Amino acid sequence: MGATITEKILAVHSAREKVTPGDLVNCEIDTIMCHDVTTTPAIDMLEKYGIKDVCDPERIVIMPDHFVPNKDIKSAEMVAKIRRWAKAQNIRQFFDLGRHGVCHALLPEQGFVTPGKTIICGDSHTCTHGALGAFSTGVGSTDLAATLATGKLWFKVPESQRFIVSGHLPEGVYAKDIILQIIGQIGVDGALYKAMEFCGEVIDELSVEGRMTICNMAIEAGGKSGVINPDAKTLEYVRTRTDTKFTVYRSDADAQYAQTFEINVSDLEPVVAFPHLPGNVKPVRLAAGIPVDQAYLGSCTNGRIEDLRVAAQILKGRVVAVGTRMIVVPATTEIWKQANREGLLDIFMAAGATVSTPTCGACLGGHMGILAAGERCISSTNRNFVGRMGSPKSEVYLASPATVAASAMAGKIADPRQYL
Amino acid sequence: MEGNAHVYQNNHINTDEIIPARYLNCDQEAELAGHAMEDIDVDFLKKVKTGDFIVSGDDFGCGSSREHAVWALRGAGIRAVIANSFARIFYRNCINNGFPAIECPGAAQAIRDGDRLEIDLAAGQIVNLSQNQTVQFRPLPDFAREMIAAGGLMAQIKKELK
């Protein structure tokens, strides 16, 4: 019997010949990513337990992003503490303001994600990096502290679910629509504890960025990880960013899956997730006409250059509706610069949108675009829980960057296909 | 363990609701506790007494990995969470903190708000003193019980590093 990519990576990293779903393994972790919110408690724990040294500074990458640039004194103190700790621990890989970005966009961009790796971070959207064929999962601060101390972490080997995405993606429909559609179909706990493996001709045709959007939202279905078998596109993406050696693992043809779902996207329409769950997914036409106070384009889900290009294509020569605010947040400094070079930022500003520096910002209700009671936002982000972007009396609708841009112009939720 | 049940029958109560991100510029348990559950139940803190339990539906603790959610509940006096099922990261965070997360399908429907409960972790038993009923749950796996007994993951690791 064959093994899935997830089982192969977990077996190699726990020095076993093979693992089976349900096995408890103590797994070597190759890359430990740290951001501002969950790392400070981990540092406190290491201090409390008298653990003076991290396992290996070279495995650690620090990318403060949530409340960056510091939104208040408390958040400034958090990052200040991380800076002091990083210096004391000789951690070189520190992406401070000026090189900063949303960690899940920055980590692969800077070449830290390679196929076959194990990656953890104290952030639920760490599942993003499975898009490059790594095992990558989100954990809490205690897990983070334990891994910083030992370089290892316990896992129960997950069962895998296979999602075969076939057909031809229609114009105006994007990776975000695919993953929202899948979450709508299986529910927000439809992949609970499982590895979601995406494959099929549509996944093959997607860019690496689109694949990241898909894997990023595995957690919104309860998944432990999202993963895509590496191919030539993956290797090209990685090799232009790093010289480090890596091993490519792929699922065997006779690997075992807990479930297999076949999704044909040839007739898929743009979709939106209604408040207050990412699984409340309906075609955009059923939301068309709902007024929006804010349109938000950014986040680890959809703040990459390809997302900005799609939105700019729609907004070029047009303007954001009176009464609607549009906020564009390129996910990393490099993306910001690239968008600037391509003239995208000019298009956004000319349309009456505002462009922010990279940050997780308002996606999680942190800062830079918080919603008031009664306000409604169409957003390219990943969660629309009660109070997610501000007041518990506000509403968030999740959609693709194209739908966000079209809705910003219309002042109400709109199908992007009419503007392409 | 004996305490009162605070029942939230909803499924998918997420960590944004347990502790909103606007308070994540702090990681002190006592301060976080002051905002526990405030976006879904403004009276939560008035109702909870130290040693009480939360009882909820499916997929409790989904969403963000913020361990602050466990600390906020514990700081507010909650001694254990009983749910039909748990989201993965929240469940890990509970175990790692030595905080019992009890998976008991049907609990949110069988237990009434305010019921007095007695929980025996090793036996996998909830005695509902108010309804004079006993419900069995699958006891925590051995590794999780060992971790809770050791005082959590960090205490266990500290021992191993010695």
Side-chain angles (χ1 to χ4, degrees), chain A residues 24 36-38 40-41 44-46 48-51 66-67 71-78 121-126 137-146 149-150 154 156 158 187-189 192-193 219-220 222-224 276-277 279 360 364-367 370 383 385-388 390 392, chain B residues 10-18 20-29 31 38-40 42 57-60 62-71 84-98 141-144 147 151-162:
Chain A
L24 210 60
D36 43 346
V37 169
T38 54
T40 31
D44 289 342
M45 286 177 211
L46 293 173
K48 181 182 161 192
Y49 285 92
I51 299 169
H66 277 54
F67 301 147
K71 71 162 179 157
D72 54 19
I73 295 169
K74 282 180 172 179
S75 62
E77 297 290 357
M78 290 192 332
C121 170
D123 191 281
S124 62
H125 291 108
T126 309
T137 190
V139 296
S141 295
T142 304
D143 278 326
L144 176 61
T150 65
W154 66 274
K156 201 166 162 183
V188 293
D189 55 359
L192 201 57
Y193 294 86
I219 180 69
E220 278 17 288
K224 181 175 203 147
H276 291 283
L277 277 180
C360 298
L364 76 159
H367 62 159
I370 301 303
R383 290 193 176 127
F385 298 146
V386 171
R388 174 70 180 178
Chain B
N10 290 3
N11 298 327
H12 317 300
I13 288 182
N14 56 75
T15 52
D16 272 280
E17 290 171 333
I18 298 168
R22 57 186 177 274
Y23 303 119
L24 297 187
N25 55 7
C26 161
D27 55 22
Q28 300 307 306
E29 191 156 316
E31 196 174 332
E38 74 175 27
D39 279 3
I40 51 170
V42 286
D58 299 342
D59 194 27
F60 186 87
C62 65
S64 160
S65 68
R66 62 189 74 162
E67 203 162 309
H68 308 63
V70 179
W71 304 328
N84 291 350
S85 64
F86 287 94
R88 188 189 74 84
I89 305 176
F90 182 85
Y91 188 79
R92 280 186 80 96
N93 289 344
C94 288
I95 303 296
N96 286 342
N97 274 277
D142 289 344
F143 83 94
M147 206 179 280
L153 179 62
M154 286 308 287
Q156 210 174 42
I157 278 176
K158 177 70 183 168
K159 215 158 57 179
E160 282 166 20
L161 284 177
K162 275 181 188 164

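Quick note on labels: first sequence line is chain A, next is B, and so on, each numbered from 1. These figures come from a predicted structure and were not determined experimentally.
- Ranked by heavy-atom pairs shorter than 4.5 Å toward chain B, the options Ala146(A), Ser75(A), Gly387(A) are led by Ala146(A).
- Side-chain contact annotation: Arg383(A) with Ser124(A), donor-acceptor N/O pair under 3.5 Å present.
- Interface check for chain B: of the options Val139(A), Ile73(A), Thr38(A), Ile370(A), the most heavy-atom pairs under 4.5 Å are formed by Val139(A).
- Both the backbone and the side chain of Ser141(A) come within less than 4.5 Å of a heavy atom of chain B.
- Neither the backbone nor the side chain of Leu144(A) comes within less than 4.5 Å of any heavy atom of chain B.
- Looking at Lys48(A), there are no atoms closer than 4.5 Å to chain B (heavy atoms on both sides), in backbone or side chain.
- Heavy atoms of Asn97(B) lying under 4.5 Å from chain A belong exclusively to its side chain.
- Annotation: maximal heavy-atom pairing with chain A below 4.5 Å, among Ala87(B), Ala155(B), Ser85(B), Cys62(B), occurs at Ala155(B).
- Using a 4.5 Å cut-off between heavy atoms, Asn14(B) contacts chain A through its side chain alone, with no backbone atom that close.
- In this structure a side-chain-to-backbone donor-acceptor pair under 3.5 Å is missing from Asp59(B) to His12(B).
- Of the inter-residue distances, the one linking Glu31(B) atom CD with Lys74(A) atom NZ reads 3.5 Å to the nearest 0.5 angstrom.
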Inset, instruction - Please lay out, stage by stage, how Thr126(A) and Asp123(A) fare under the test side-chain hydrogen bond (donor to acceptor under 3.5 Å, both in side chains). - result: CA-CA 6 Å; Thr126(A) 309; Asp123(A) 191 281; 4.7 Å; no
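- Heavy-atom distances place the side chain of Asp27(B), and not its backbone, under 4.5 Å from chain A.
- Only the side chain of Ile157(B) comes within contact range of chain A, with at least one heavy atom under 4.5 Å from a heavy atom of that chain.
- The shortest non-hydrogen separation linking Arg92(B) to Trp154(A) is NH2-O, 2.7 Å.
- For chain A, no part of Ala69(B) is nearby; none of its heavy atoms comes within less than 4.5 Å.
- For the side-chain hydrogen bond (donor to acceptor under 3.5 Å, both in side chains) test, no residue two or more places apart in sequence or in another chain qualifies with Glu77(A).
- For the options Leu24(A), Ile219(A), Asp44(A), Leu46(A), heavy-atom pairs under 4.5 Å to chain B are most numerous at Leu24(A).
- Both the backbone and the side chain of Asn96(B) come within less than 4.5 Å of a heavy atom of chain A.
- Between the Lys224(A) side chain and the Pro158(A) main chain, no donor and acceptor come within less than 3.5 Å of each other.
- Your options are Gly140(A), Gly122(A), Gly50(A), Gly222(A), and the one with the most heavy-atom pairs under 4.5 Å with chain B is Gly140(A).
- A distance-only check finds a donor-acceptor pair linking the side chain of Asn93(B) to the backbone of Ser65(B) [under 3.5 Å].
- Counting heavy-atom pairs under 4.5 Å between each of Ala149(A), Gly365(A), Gly138(A) and chain B puts Gly138(A) at the top.
- Between chain B and the options Val188(A), Asp143(A), Leu192(A), heavy-atom pairs under 4.5 Å are most frequent for Asp143(A).
- Contacts of Leu277(A) with chain B are made by side-chain atoms alone, with heavy-atom separations under 4.5 Å and no backbone atom involved.
- Using a 4.5 Å cut-off between heavy atoms, Asp72(A) contacts chain B through its side chain alone, with no backbone atom that close.
- Nearest heavy atom pair, residue Met154(B) against residue Tyr49(A), reads CB-CE1, 3.4 Å.
- In Lys156(A), the NZ atom is not crowded: 12 or fewer heavy atoms of neighbouring residues, nucleotides or ligands sit closer than 6.0 Å.
- At a 4.5 Å heavy-atom cutoff, the contact between Leu364(A) and chain B is made by backbone and side-chain atoms alike.
- Using cut-offs of 30° and 60° for the angle between ring planes, the Phe90(B) and Phe86(B) rings count as parallel.
- Using a 4.5 Å cut-off between heavy atoms, Phe143(B) touches chain A through its side chain atoms alone.
- For a residue to count as touching a neighbouring chain, one of its non-hydrogen atoms must lie under 4.5 Å from one of that chain's; by this rule Phe67(A) touches chain B with the side chain only.
- Taking the side chain as every heavy atom from C-beta outward, Thr142(A) and Met45(A) approach each other to under 4.5 Å.
- Within the 3.5 Å criterion, the main-chain N or O of His66(A) finds a donor-acceptor partner in the side chain of Asp36(A).
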